[in-house]
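The sequence lines fix the lettering, A, B, ..., with proteins before strands; numbering per chain opens at 1. In this text the structure is predicted, and so the values were computed from the model without any measurement.
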Protein chains: 2
Amino acid sequence: MVSARGRIDKRQAILDGAFTVFARQGYAQACVQEIANEAGVAKPTVYNHLTDKATLFRHAIQAAAQSVLDQRLAALQPLTEPGTDLRATLEEVGHHLVRLHADDRSCALRRLLYAELTHFPDILDFAVESGPHRLSQALADRMARLILAGRLRATDPDQAAEHFLALLVGPLEPRSHMGTRQIGDTELRKIACAAADTFLRAFGAENANARQPAE
Amino acid sequence: MVSARGRIDKRQAILDGAFTVFARQGYAQACVQEIANEAGVAKPTVYNHLTDKATLFRHAIQAAAQSVLDQRLAALQPLTEPGTDLRATLEEVGHHLVRLHADDRSCALRRLLYAELTHFPDILDFAVESGPHRLSQALADRMARLILAGRLRATDPDQAAEHFLALLVGPLEPRSHMGTRQIGDTELRKIACAAADTFLRAFGAENANARQPAE
DNA sequence: AAGAGGTTGAACTCATGGGTTCAAACTAGT
DNA sequence: ACTAGTTTGAACCCATGAGTTCAACCTCTT
């Protein structure tokens, strides 16, 4: 028997190649032969691991969505220990989130989801439900803590999270030409700063509304 | 000769049917025969008016994008004469914009653009450039007037417009499951109110920051 | 009535690509 | 070296659908 490690590697390679090609071509235009080439594997091997083009697609999307979500959740980390300068922490987290959102993989995944949602209604479950929704929940948890600590105004934490994410992501779409154009890091930073600024004006605690210059 | 009116009607019917079918199936999965059926027309007639499936797609998208943009620009109208209650006007415009954004046609168009942007890079020109960008510009013009009139804080009008749109549209995507689920009008209204509230807190003139109950 | 231009349906050509088959080659474990 | 499970390439079958052709057919114009 071929080493189990080798099998798993092949499977991973196939899923990775599948996502790459699907991202490049869309579901219908992507042909299995090309996926096999991308993965450095023969066509029958693909069908040996994944029965269908459709299940191949589902698994590739699911893997990509999981990794994207993990990255985003990790980016919220600094908010659990906000330190003394809340603005700086928000800018940092915002910058990180915005960078992830503008990432190639992330954009490709979003495009694929939008495109094939009608043909694969079931991908909603693990891609939308556990995508932006989970992120929003996690962020709302942090917002609740900040409100309790008196560092934000007393409001609905869910709405605070929703609006912070909106301020980050909203300006991104038009500027990136729907994920086509890459955005420079300085521009991303500016977007994050602007979002943090507006957010603090609207949700900051009354006594700390003004920009605090330094410690 | 068949009446010119009849020809034009056929062409319109074809473009409309094309958009409907493309929206339902995506570019690759849509077959020209089905478009012909949808338009109540024979297949060769389609090729008589539009040479290609590709140009058929381009024209259908262009027409849809134009009509969507027109609707959105019209929705900004109330902001040119803001009346005494700025908050109410913002909520009204916001509600209108959000309703348009959540509309079936609009969602379908957005999905198509995302999906086929890689295969038709040229649709960027008339769909993205003259889509959200134009809307943002028009809104920024209104913002500039409001700032000059002292009804908003002195800031960059472009950023004010960007953030207002972000606050409107951002919360929509996750809730509508990327345009799959229809959202009730009361929920849309709530989203618009929340957006107006956050926006006024961040961009309202200092003296008019608080909620003004009535005239 | 005659003719011109657009429309129709059906049949046709041809390329693409999903999925399968199979014999040969490979790669451990014994 | 022997065997079992895997991979490989190439060829194959078959469905789908883009785009074309053509003869019959409207539907106006003159």
For a quick check of understanding: with a heavy-atom distance under 4.0 Å over all strands, which category does B:A30 fall into, base, sugar-phosphate or nothing?
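Sugar-phosphate, backbone atoms only, no base.
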Starting at [atom1] of [X] and ending at [atom2] of [N], how long is that distance when rounded to a whole Å?
{"X": "A:Q33", "N": "C:dG18", "atom1": "CD", "atom2": "C1'", "value": "11 Å"}
{"X": "B:H49", "N": "C:dT7", "atom1": "NE2", "atom2": "C1'", "value": "9 Å"}
{"X": "B:K43", "N": "C:dA11", "atom1": "NZ", "atom2": "P", "value": "13 Å"}
{"X": "B:K10", "N": "C:dG6", "atom1": "NZ", "atom2": "P", "value": "12 Å"}
{"X": "A:D9", "N": "D:dT6", "atom1": "CG", "atom2": "P", "value": "15 Å"}
{"X": "B:Y47", "N": "C:dG9", "atom1": "OH", "atom2": "P", "value": "16 Å"}
{"X": "B:Q29", "N": "D:dA15", "atom1": "CD", "atom2": "P", "value": "20 Å"}
{"X": "A:I35", "N": "C:dT16", "atom1": "CD1", "atom2": "P", "value": "18 Å"}

Which comes earlier along DNA chain C counting from the 5' end, the contact point of A:P44 or that of A:Y27, where each point is its nearest nucleotide?
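The residue closer to the strand's 5' end, by nearest nucleotide, is A:Y27.
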Just to confirm, is there a sub-4.0 Å distance from OP1 or OP2 of D:dT7 to any side-chain nitrogen or oxygen of A:T45?
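The answer is no; no side-chain N or O of A:T45 sits under 4.0 Å from OP1 or OP2.
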Judged by modelled atom types alone, do [X] and [Y] share a side-chain donor-acceptor pair under 3.5 Å?
{"X": "A:D104", "Y": "A:Q182", "answer": "yes"}
{"X": "A:D141", "Y": "A:Q137", "answer": "no"}
{"X": "B:S106", "Y": "B:H101", "answer": "no"}

Is any NZ, NE, NH1 or NH2 atom of the basic residue among B:R58 and B:E116 found under 4.0 Å from an Asp or Glu carboxylate oxygen of the other?
no
